[in-house]
Amino acid sequence: MLVYKFGGGVLNDSNGIEQMAEIVRARVSGRLSQDLFLVVSAFGKMTNAFEELWADWIIGRDFSSSYGRIKAFHMGLAKMLFHDKLQIEEILTPVFDKISILLKGQAPKDRNEAYDLLVCYGEILSSVLVSAYLSQSGLENSWLDAREMICTDSYFRESKVNWLETRTKVNEVVSREKQSLIEKKEYGGGRLWLTQGFIGSDLDGRSTTLGREGSDFSAAVFAYVLNASEVVLWKDVPGVMTGDPVDFPEVRKLDQISYLEAIELSYFGAKILHPNTIKPLQNKNIPLIVRHIYHPDAEGTMVIDNPVITDELPVLIIKPNQVLISIQPRDFSFVMEEVLSEVFTILASYHIRINLLQHGAVSLSFCIDYEEERLNNLVNALITDFKILYNTGLDLLTIRHYSQEVMNKLISGRKIYIQQQSRKTARFVLS
Ligand code: ASP
Ligand code: MG
């Protein structure tokens with residue numbers, strides 16, 4: 001079993017979808033000897049478009065224009081890919097009917113629950129369209145609903161995967177489908193499966209999502225529970241680079257990196273990999289390869305256990321939009337275990353992740369992603385016991401395998417709030 005994941009960045013126009021079909025065809029050419037499991041996310045910026053629709057829906061505002069944009073985008077794409085109008089109706093109308101029924105009803109009181117119920121349709125739409133296009137191109141495939149397979153808790157919008165349930169359900173669904181293909185004599189030792197990233201459901205069957213950009217993680221979850229031999233993330237870049245070309249012009253591709261290095265990079269904010277993706281693959285030693293969708297034969301980047309590394313290039317990562325919070329106990333106590341445990345309990349209860357931490361005798365400073373609502377909740381929870389100061393609009397710069405020269409170049413002229421250096425990593429909170 002191989003797992004291929006195609007994200008919205010590459011599936012953003014008809015060319016991307018055609019190219020996906022070419023890649024699948026090249027792999028399948030002749031006869032498929034093993035299963036190929038395809039995971040897709042919503043097209044282009046459609047998740048953002050669904051977020052706008054959701055914002056209209058939950059406050060009862062007129063949603064004709066946000067809904068219209070989503071419909072027009074998918075209809076337009078379908079017209080480029082299918083020539084038969086009736087076929088387009090057949091593919092898309094049932095899904096848009098479901099969305100319309102949902103929107104006519106009352107949104108769930110919990111706005112995050114409403115989000116997952118609605119926004120998951122971005123992935124449903126892209127997957128039905130891609131599935132039909134592959135079939136039309138002679139690539140017979142079975143469409144599977146990830147909401148019947150990925151089981152999560154009910155922390156909507158950032159749901160955690162229930163691994164045991166998920167393993168059972170994925171294998172149940174795949175074996176059920178396989179059995180029915182065998183009965184129809186349509187299974188020939190390998191099959192194309194196609195499902196959605198990012199989405200799942202909780203134990204009560206309510207739709208959930210795994211957090212923005214979560215489809216890479218979904219691919220890893222499927223690979224883990226299906227014991228895949230390899231995962232390929234098809235992107236619009238040649239592989240994992242030594243920095244984001246938008247921030248740093250002179251970047252190079254990393255040919256091979258270890259799971260551990262990949263975890264470090266994604267944790268520090270490298271956008272190419274979702275931080276949760278690597279761990280499950282590492283646990284089963286499943287190689288992860290990042291490849292360019294338009295250069296499918298190029299080498300890409302391999303994430304494996306024992307990479308061959310010729311020279312350790314400095315890797316530069318900027319995490320923008322940070323807030324640095326400094327707190328001091330009001331009772332003048334030292335920052336000891338009890339204080340740390342109180343603060344961490346509060347952070348965990350709001351699902352806030354610390355990106356950098358530093359403490360002295362009487363104060364504790366930490367950096368988190370800026371999000372207005374979460375910051376307000378946090379400040380309210382801390383204000384009785386702590387004096388609080390915070391700065392917003394900061395960057396967190398991480399340099400893996402740093403040299404003095406690279407550091408000087410990147411921090412010159414900037415105001416440094418915190419600086420931390422370990423053997424391999426230098427980190428700066430800067431404005
Ligand atoms: N469609 C979702 C998003 O845009 C998930 C993903 O792309 O990975 O966040
Ligand atoms: Mg996306």
Side-chain angles (χ1 to χ4, degrees), residues 3-13 16-17 19-20 37-55 66 69-70 73-74 77 95 99 111-112 114-131 143-147 149-150 152 155-161 166 194-201 207-224 231-237 240 244 262 266-267 269-281 288 290-291 293 319-321 351 353 369 371:
V3 176
Y4 279 7
K5 182 254 166 178
F6 296 83
V10 296
L11 300 178
N12 54 4
D13 57 15
I17 299 167
Q19 182 63 13
M20 169 179 177
F37 204 88
L38 306 171
V39 179
V40 297
S41 21
F43 293 131
K45 295 266 174 270
M46 278 301 116
T47 302
N48 294 4
F50 266 99
E51 286 186 345
E52 282 164 27
L53 177 59
W54 163 75
S66 48
R69 271 199 298 281
I70 291 172
F73 180 89
H74 289 91
L77 205 51
V95 186
I99 300 172
R111 53 208 291 272
N112 294 334
Y115 179 102
D116 287 354
L117 192 56
L118 179 65
V119 174
C120 68
Y121 279 100
E123 266 68 15
I124 298 294
L125 282 166
S126 66
S127 62
V128 295
L129 221 142
V130 169
S131 170
W143 181 90
L144 305 174
D145 191 333
R147 293 170 299 184
M149 297 188 283
I150 301 285
T152 69
Y155 194 83
F156 297 106
R157 287 183 83 168
E158 257 173 61
S159 313
K160 289 253 163 347
V161 168
T166 300
L194 187 136
T195 193
Q196 311 79 34
F198 181 55
I199 69 176
S201 65
S207 298
T208 55
T209 60
L210 308 179
R212 287 301 308 264
E213 308 306 327
S215 318
D216 286 359
F217 177 50
S218 301
V221 174
F222 285 115
Y224 182 88
V231 177
V232 182
L233 304 178
W234 293 94
K235 305 261 179 184
D236 57 355
V237 289
V240 179
D244 189 330
S266 57
Y267 181 83
K271 281 181 259 128
I272 177 101
L273 298 168
H274 188 277
N276 298 346
T277 309
I278 315 296
K279 205 78 194 76
L281 301 178
L288 171 75
V290 179
R291 285 190 197 284
I293 183 172
K319 223 173 170 14
N321 205 18
H351 289 236
R353 207 189 82 168
D369 293 344
E371 239 180 79

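In each ligand, atom 1 is the first atom listed, and ligand 1 is the first ligand listed. Keep in mind that the numbers below use all heavy atoms, side chains included, and drop hydrogens, waters and symmetry copies.
The main-chain N or O of Ile293 is found under 3.5 Å from a side-chain atom of Gln19 such that the two form a donor-acceptor pair.
Ligand 1 has a nitrogen or oxygen under 3.5 angstrom from a nitrogen or oxygen of Thr47. For ligand 1, the polar-atom distance check finds no N/O of Asp216 at less than 3.5 Å from any of the ligand's N/O atoms.
With no hydrogens or angles considered, no side-chain donor-acceptor pair links Asp116 and Thr208 at under 3.5 Å.
Distances below 4.0 Å separate heavy atoms of Arg212 from the following atoms of ligand 1: 3 (C), 4 (O), 9 (O).
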Given side chain to side chain contact (heavy atoms under 4.5 Å, CB included), test Ser207 with Ile199 step by step and report yes or no.
CA-CA 7 Å; Ser207 298; Ile199 69 176; over 6 Å; no
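Under 4.0 Å from ligand 1, the heavy atoms of Glu123 that appear belong solely to its side chain. Contacts of Ser215 with ligand 1, taken as heavy-atom pairs under 4.0 Å, involve both backbone and side chain.
Checked against side-chain hydrogen bond (donor to acceptor under 3.5 Å, both in side chains), Ser126 has no partners two or more places apart in sequence or in another chain. Looking at residues two or more places apart in sequence or on another chain, you find no side-chain hydrogen bond (donor to acceptor under 3.5 Å, both in side chains) involving Lys160.
Residue contact check for ligand 1: Gly214 places a non-hydrogen atom closer than 4.0 Å to it.
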